[in-house]
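In what follows, every heavy atom counts, from backbone to side chain, and hydrogens, waters and symmetry copies are set aside. Given the structure is predicted, the values throughout are model-derived calculations rather than measurements. Per chain, numbering begins at 1; letters A, B, ... match sequence-line order.
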Amino acid sequence: MTGGEASPGAPTPSDDSAASVAPEVPTGSDGPVASATSEGPAASAAASEGSAVPPALAEWTKSDRQIRREADLRRRARRSTSVATASTIVVATVLIVGVTASPGWPRVQETFFSPSQFVDAFPDVWRGFLLNVKIFLIAEPLILIVGLVVALVRTLRSPVFFPLRAVAVFYTDIFRGIPTILLIYLFGFGIPALALQGAPSDPVTLGIIGLVLSYGAYVAEVFRSGIESVHPSQRAAARSLALSHGQTMRYVVVPQAARRVIPPLLNDFVSLQKDTALVAVLGPLEALRQASIHAAETFNYTPYMCAALVFIALTVPMARLTDHLAARTARRQMAGGHL
Amino acid sequence: MTGGEASPGAPTPSDDSAASVAPEVPTGSDGPVASATSEGPAASAAASEGSAVPPALAEWTKSDRQIRREADLRRRARRSTSVATASTIVVATVLIVGVTASPGWPRVQETFFSPSQFVDAFPDVWRGFLLNVKIFLIAEPLILIVGLVVALVRTLRSPVFFPLRAVAVFYTDIFRGIPTILLIYLFGFGIPALALQGAPSDPVTLGIIGLVLSYGAYVAEVFRSGIESVHPSQRAAARSLALSHGQTMRYVVVPQAARRVIPPLLNDFVSLQKDTALVAVLGPLEALRQASIHAAETFNYTPYMCAALVFIALTVPMARLTDHLAARTARRQMAGGHL
Amino acid sequence: MSLLTVEGVWKNYHHHSVLRGIDLEVAPHEVVCLIGASGSGKSTLLRCVNLLESIDDGAIYLDGSEITDVRIDPDDVRKRIGMVFQSYNLFPHMTVLDNVTLAPRKVHKVRPEQAEAEARELLARFGLADKAGEYPDRLSGGQQQRVAIVRSLATQPRLLLLDEVTSALDPTLVTEVLSVIRELKDAGMTMIIATHEMSFARDIADAVCFLEGGVLLEHGSPEQIFTAPEHPRTRGFLQRVLDAGRL
Amino acid sequence: MSLLTVEGVWKNYHHHSVLRGIDLEVAPHEVVCLIGASGSGKSTLLRCVNLLESIDDGAIYLDGSEITDVRIDPDDVRKRIGMVFQSYNLFPHMTVLDNVTLAPRKVHKVRPEQAEAEARELLARFGLADKAGEYPDRLSGGQQQRVAIVRSLATQPRLLLLDEVTSALDPTLVTEVLSVIRELKDAGMTMIIATHEMSFARDIADAVCFLEGGVLLEHGSPEQIFTAPEHPRTRGFLQRVLDAGRL
Amino acid sequence: APANDTSTASPGGASPAASATCAKDQLPLTTPGKLTIGTDKPAFEPWFKNDDPSNGQGFESAVAYAVAQKLGFTKDEVTWAVVPFDSSFAPGPKKFDFDVNQISISPERQKAVDFSQGYYAVKQAVVALDGSKFAGATTLAELKDAKIGVQAGTTSLQAVQRVIQPTSDPSVYNQQIDAISALKNKQIDAIVVDLPTGFYVTAAQVENSKIVGQFAATGETPEEFGLLLQKGSGLTSCVDKAVGDLKASGELATIETQWLTGSAGAPELK
Ligand SMILES: Nc1ncnc2c1ncn2[C@@H]1O[C@H](COP(=O)(O)OP(=O)(O)OP(=O)(O)O)[C@@H](O)[C@H]1O
Ligand SMILES: Nc1ncnc2c1ncn2[C@@H]1O[C@H](COP(=O)(O)OP(=O)(O)OP(=O)(O)O)[C@@H](O)[C@H]1O
Ligand SMILES: [Mg+2]
Ligand SMILES: [Mg+2]
């Protein structure tokens, strides 16, 4: 980690003093190879990728023309923005008034947005939600492992591994095709029914098995597409260094794939977070179940709003994070980087 | 659509006769511009991208060394393949025997795999499934429209559109965050409660509204990422031709984005296909509901297997198609194509 | 009167200026080549002229009227300027013919049959008659760039901007594109060409501009710039290009 | 005895042969340049030598023993051969140092400290001492290619294969990479270089091979090939390169 | 039973907005000329028979037809609608005139819907497998450590939570089949259902199972099933009156003995 701290091309304060209309460029000396400090053409070339020389903004004084132009621009922007804002507000108001003035609104308000019901239900829903979170936290790493292993099996190209690959393909196809809730049913009531020694019978465990197998199939596909999106030249470069297939995967392909699949993976995790609610069919009292118990008791839907809220509180930040990472990845790929 | 039928670089039978160890290449004549037929360097350059000249395989006769080598390879492949197959079969057998020999197996078989129950339930489940398909077919185009519109709104960059963009962001965030089943509850029971003139009250319609709004948010994000994945130069090229923002989107960006988003879109549609089952909470008798009715009636889970089967019959081909398209897209992108 | 006038144009990105007060005049039928190291601002200048970038100071005039005025619709300006980029030029989902006729049909409202007839004529003129129905990815790089040039000509621009149209090409494909440009010059097209092909610039340009760090350091005839550059930086740059075997 | 012997090598893709009976001998310390149009099979030949592609006929010998034998572990062969590609060379998720030390540590089981010390020494020798901690995307293209070369040298290969290592570079960055290769030649490295840089090939090669359509049409000293090519196709190719201003 | 509920309830909490007459042609019906009755699907024994509410067999089917008759409808003039429990209490227009689905009357629920007076006083019962750990329990205290399963949407859950107060959370299932599967799989120790369902479960659905006992009445008002109507429905008073008449005439008791086993044979848990 020596040197390289001052990123070439970025202007530094000390440059300002030296800057002139025609700033100084280190002129090409001997070859870059000979010079141990990597100055000379190589360094200047690197710098010129940013811009020939860091030019400071200091010397630029806005012309009158530009000042007038910007004032003009601001005026125009202000005008159209206010038109847009006004129209949006009008539309929103019409919508809200339309809904609240409807004959059924008081009933709806009472049935869906009753503060007292909300307060009543919240503690139970919250307690249930902690179970959702627990299921999620246990299932997530298992899903990652299953997904990665299956994806790696599917990358094996040699005919020797055909049977293994066939199993992996079969698994991903079938388990992606069946509604998750059905899988949870099947495992939740099927495994205990086998009455096997040592087989789990706890519904939460069984539900997690169902979720892991269902989402594992999805995540395997995500990983696989990530692995395949790594440019083949990277694999060739690794193999040409005499790394084995396993080493190439481990050190070169998977680390790069992992970064690329983070956004779709997080997407799947947002869904998983919501699908933890499906474990309810096996009996556990998670958030949605708690909400439905309250709703059935009082014939009021507010507890569902309560559940929606706790879910949103977790999934929205996660979705935003996903978007952010996806945008960053996209920007990176645009920048290209690779020679 | 004139000419261009014979793809350059692909060997044609007539080439064989002319082919020799040093095959003929049209030597560079005058500039390509002058020659109206586009022969000369341009054509030869195009051809040389495939290979300098279409070399036929005909003249190649396998050497003894190669024949021995291939026999050797086949022998080695056969040996390791049979080892792998054998081990896979052993593992599979152990698994199957383990499960079927378990004390509970007869009960499991009876409860999950009863042929007579299957036959009994199938007609109803199938009838229910047709409703799933109907819901799917109505919801899908609506989702595409909602998703595309929201995505296009989010690409508007001018500050004038800030309020509109804010609405779109709010929509995608919230509706992705709430479990779909909750949205269906909300719309299914909330809209009729408003008792508005002309508001729909049919549960299938309401369920579709819930699905459209939930999946619309996802699909909007998919479209947006597709739109952003179109190289900015494409947009620049279109704008430089004086196409407006709208025209650029319509003729250049969206058509390209649409192709790229087909795989993730199909993925979402596989999920949608499965989530049509959620409309059951509003009352309609779709496949899962029919299965659960049969199951509840007979205390046998076979109807669920029946439902799983009809779902798989639709989702697996769709998933395979998705994979196929994704792979093709990936290959295309690898090939690069764009100068 | 000059066709294009660039007057004290500045362009800033974040914390540095990429164009630093560029002045440039281009007469009708003149061919101006921009040379300079990577990052010197050649592409940015072309993009500013085409209003793909907003400028931060200065003004640009086309045919005597200011195009950087805030009241001007950029699309009206772009109708009169053609531009060809280094790469990702063609629309991959359209045939060559559709690529070429898109702007005439949608922007200039030419009737489809007429647009097609004109496009075919242009394509034929540039040796691409039989490629009209092909998709871009079936063409060689050189053919793609020729189609891109044809596309920008289809709207009969007053001015053509070419941004390193050969640098993504295999060396053996460069010639065909350069000869298209030569033919355009002979036909009297006004062009600004950013290029790394010094021998081509020397050959075709009426005037050569050397940019460095966003400054137009030297502007003169090709003979003057290539044989007797005034500025030491121009000399340094040309020396480095020479070292790379590219002069 | 020759270091590398390529004997009647054929390589087929689908329905056409990309290599059509290539014969080639490379003596220790010899530098062989492969020239030829795009698609003539230069890269394929290099990939076959490094066993990244299986061949369809013929044999390749390294140090006298056949490496195309089915019983040979390709990784053992690749340990003795270094290869640098045109692009996508470096691992973008690793620092320069990690890129260079990966193979020594994981394949050759060199102790990490020792691998690092050796890597730093090599990097310093090629003017990259201060880039050890950088990620590849912070480097210029020329620096990236230099790192790629250093990486392939870190395992002390007997033979170095270079595949158009400059053609993705900006012309002004080409020089620095070519001078690295010159230095390697002076240090006695055996190399096979696929290149479009004719002046460089003329300058550095001990022998030049001209490929066309998968056939090695002409093999000789640079003087012979560039000044008095025997084969008319070689002449045609060189003429086209000359037209493009690249000789 | 998908939605059998118990809770403290005031019987016959009918709406005061009674229409003066209950003449057949003046009733505000969903479908004119037809009496539309809602229930969930599947409809369970012993409340219905063969998942077919329109055959008049089973306790609730019989009660529904008796009420219809009192209101002046012939068997042909009655139509049935499938109404999932969850949507029976959704606000807004209803697609049924009244819903019969083992729904317990409670003051809280009466804020959302109208009920007729109760037509059946229900008690909860505990069912376990023969010979299981809790099969011999005679007191509620003995059941404290049992893992208990109930069905969602029923008030059995509240009964469990209030009366048994088990140490671990009860398991709540979407459907009775799931609760019973869990019982068979020994994932839970016992299920709590209403007593008639309990009898049906032990007799017809789970071999080697028994009713451990029934809950004692919880003091206050007994838990009763009522017919559910749209809040403020003009039918409420008439339906309520019809139920009252059936009660008074002893018809209701007859129907009950015809279709439901008496509570004898189910010891009370103290
Ligand atoms: N969108 C942008 N954001 C920030 N900086 C930019 C942007 N576009 C260009 N630059 C910077 O502007 C400077 C000039 O870039 P420009 O593309 O005009 O150079 P160029 O002379 O065309 O170089 P090349 O020969 O490599 O094409 C560079 O330093 C570049 O990094
Ligand atoms: N994986 C592949 N599948 C099919 N054809 C291939 C494959 N790889 C290369 N080819 C073909 O083999 C031929 C030779 O390609 P190769 O890359 O060896 O040429 P080259 O001389 O290196 O060209 P360039 O100068 O463009 O790098 C080309 O026609 C190419 O299309
Ligand atoms: Mg540029
Ligand atoms: Mg190559």
Side-chain angles (χ1 to χ4, degrees), chain A residues 1-10 28 30-50 52 230-248 250-260 332-333 335-339, chain D residues 47 50-52 74-83 85-95 97 102-103 106-108 120 124-134 136-146 148 151-152 155 161 168-170 172-173 175-176 179-180 182-183:
Chain A
M1 296 284 169
T2 57
E5 259 60 65
S7 66
D30 47 353
V33 176
S35 62
T37 56
S38 132
E39 286 305 327
S44 82
S48 76
E49 254 165 62
V230 174
H231 200 280
S233 302
Q234 287 281 318
R235 233 169 291 194
R239 295 313 297 272
S240 80
L241 288 169
L243 268 69
S244 66
H245 174 84
Q247 288 174 323
T248 301
R250 175 154 167 219
Y251 298 115
V252 176
V253 177
V254 171
Q256 291 185 58
R259 283 169 206 212
R260 289 181 207 193
R332 284 250 178 98
Q333 282 176 352
H338 303 302
L339 176 70
Chain D
R47 292 169 63 85
N50 204 11
L51 303 187
L52 288 173
D75 288 335
D76 279 338
V77 176
R78 295 195 196 113
K79 282 183 194 169
R80 290 178 286 155
I81 303 179
M83 180 150 181
F85 300 83
Q86 172 176 356
S87 53
Y88 294 104
N89 249 311
L90 299 181
F91 305 134
H93 60 299
M94 294 182 181
T95 61
L97 191 66
L102 179 69
K106 301 299 173 191
V107 179
H108 299 260
R120 286 192 185 280
R125 188 171 137 217
F126 292 103
L128 295 161
D130 56 342
K131 304 293 178 196
E134 290 284 15
D137 57 5
R138 305 273 320 253
L139 302 183
S140 78
Q143 289 169 334
Q144 287 185 37
Q145 282 302 38
R146 275 150 64 202
R151 184 178 65 180
S152 68
T155 55
L161 310 175
L169 295 181
D170 184 283
T172 54
L173 302 175
T175 337
E176 58 174 287
S179 40
V180 168
R182 245 177 231 115
E183 156 144 318

Using 0.5 Å steps for rounding, measure from the [atom1] atom of [X] to the [atom2] atom of [Y].
X: A/Q247; Y: D/L102; atom1: CD; atom2: CG; answer: 8.0 Å
X: A/Q234; Y: D/F85; atom1: CD; atom2: CZ; answer: 10.0 Å
X: D/K79; Y: A/S240; atom1: NZ; atom2: OG; answer: 14.0 Å

Residue pair D/D75, A/R239: steps toward the side chain to side chain contact (heavy atoms under 4.5 Å, CB included) verdict: CA-CA 8 Å; D/D75 288 335; A/R239 295 313 297 272; 3.7 Å; yes

Residue, of D/V77, D/D76, D/N50, D/L51, that accumulates the most heavy atom pairs under 4.5 Å with chain A: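 Answer, by heavy-atom pair count under 4.5 Å with chain A: D/N50.
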
N/O donor-acceptor pair under 3.5 Å between D/H93 side chain and A/Y251 backbone: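 Checked: pair present.
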
N/O donor-acceptor pair under 3.5 Å between A/Q256 side chain and D/F91 backbone: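 Not confirmed, A/Q256 side chain does not pair with D/F91 backbone.
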
Evaluation steps, side chain to side chain contact (heavy atoms under 4.5 Å, CB included), between D/V107 and A/L241: CA-CA 8 Å; D/V107 179; A/L241 288 169; 5.8 Å; no

Which portion of D/L52 sits near chain A, non-hydrogen atoms under 4.5 angstrom: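 Just the side chain, heavy atoms under 4.5 Å.
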
Per-residue contact mode, D/R47 against chain A (heavy atom under 4.5 angstrom):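 The side chain, not the backbone.
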
D/R80, CZ: over 12 other non-hydrogen atoms inside 6.0 angstrom: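 Buried by this count: over 12 neighbours within 6.0 Å.
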
